Amino acid sequence: MIVVDTNIVAYLYLPGPLTAAAEALLAREPRWAAPLLWRSELRNVLASQVAQRHLALDDACAIQREAEDLLAGAEYEVDSLAVLHLAARSRCSAYDCEFAVLAEALGTELYTADRQLLKAFPGIARRLATS
């Protein structure tokens, strides 16, 4: 099992330059986990896509449902104090630190394309491989 940040989930479902990399990651490691926050973050990404008319509302709803199915049973609450401490030490957002705290708690790696996360957490953060 690996932890993925919301952007990795979005790359999987929204066609773009990192979609193939997200698909390859899923093929290599099909057990993805995330803090519960990922749902709100993905809803925000999808709502933005709908507002910009890049995505139909029905398609956004279908993507949200499919992503929730993918992560079913692997969504976790994280310790708020651990998040706050990590945010203070790393200067990353508390949102981003939720993913790092979860990866540490599960003893696994965090996959991301976020440069700040990669720099702040080199022990657990792994770059989404782009070929």
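Everything numeric here is computed off the predicted structure, so don't read it as measured data.
The SG atom of Cys92 sits 13.0 Å away from the CD atom of Glu98 when rounded to the nearest 0.5 Å. Note that the CG atom of Asp79 and the CG atom of Leu86 stand 11.0 Å from one another [nearest 0.5 Å]. Rounding to the nearest 0.5 Å places CD of Glu41 at 7.5 Å from CG of Asn7. Distance CG/Leu84 to CZ/Arg89: 11.5 Å, rounded to 0.5 Å. Remark: Leu37 CG to Glu75 CD distance equals 11.0 Å, nearest 0.5 Å. Ser90 OG to Lys119 NZ: the interatomic distance, rounded to the nearest 0.5 Å, is 11.5 Å.
Asp5 places a side-chain N or O within donor-acceptor distance of the main-chain N or O of Ile8, the cut-off being under 3.5 Å. With Gln52 contributing its side chain and His54 its backbone, the two residues share no donor-acceptor pair below 3.5 Å. A side-chain donor-acceptor contact under 3.5 Å links Gln116 to the backbone of Arg91. Between the Arg126 side chain and the Pro122 main chain, a donor and an acceptor come within less than 3.5 Å of each other. For Thr108 (side chain) and Met1 (main-chain N/O), a donor-acceptor pair under 3.5 Å exists by modelled atom type.
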Step by step, would you call Glu104 with Ile124 a side chain to side chain contact (heavy atoms under 4.5 Å, CB included)? CA-CA 7 Å; Glu104 288 178 348; Ile124 60 167; 3.9 Å; yes

Given Phe99 and Thr6, is the side chain to side chain contact (heavy atoms under 4.5 Å, CB included) satisfied, shown in steps? CA-CA 9 Å; Phe99 294 90; Thr6 306; 3.3 Å; yes

Taking it one step at a time, do Leu55 and Ile63 satisfy side chain to side chain contact (heavy atoms under 4.5 Å, CB included)? CA-CA 10 Å; Leu55 190 64; Ile63 289 169; 4.1 Å; yes

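Pairing each heavy atom of Thr112 with each of Ala125, the nearest pair is CG2-CB, 4.5 Å. Across all non-hydrogen atoms, the minimal contact from Ala67 to Leu42 is CB-CD2, 3.6 Å. When all heavy atoms are compared, the tightest approach of Leu110 to Ala103 is CB-CB, 3.9 Å.
Between Val83 and the options Leu102, Asp96, Val78, a side chain to side chain contact (heavy atoms under 4.5 Å, CB included) holds for only Val78. Val45 pairs with exactly one of Val50, Leu14, Val9 by the side chain to side chain contact (heavy atoms under 4.5 Å, CB included) rule, that one being Leu14.
The 12-atom threshold is not exceeded at OH of Tyr95, counting heavy atoms of other residues, nucleotides or ligands nearer than 6.0 Å.
In this structure the side chain of Trp32 reaches within 4.5 angstrom of the side chain of Leu25, judged on heavy atoms. Residues Leu70 and Leu12 form a side-chain contact, since some pair of their non-hydrogen atoms from C-beta on lies under 4.5 Å apart. Looking only at side-chain heavy atoms (C-beta outward), Arg31 and Ile2 stay at 4.5 Å or farther from each other. Contact annotation: the side chain of Tyr76 approaches that of Leu106 to within less than 4.5 Å [non-hydrogen atoms, C-beta and beyond]. By the 4.5 Å heavy-atom criterion applied to side chains, Arg43 and Trp38 are not counted as neighbours. Annotation: side chain of Leu46 is in contact with side chain of Gln64 (closest heavy-atom distance under 4.5 Å). Taking 4.5 Å as the limit, some side-chain heavy atom of Cys97 sits within range of a side-chain heavy atom of Phe121.
In this structure, Leu118 is not a member of the same hydrophobic cluster as Val3, with clusters built from ILVMFWY side-chain heavy atoms closer than 4.5 Å.
Remark: Glu66 pairs with no residue by the salt bridge (Lys or Arg N to Asp or Glu O under 4.0 Å) rule, at least two apart or across chains.
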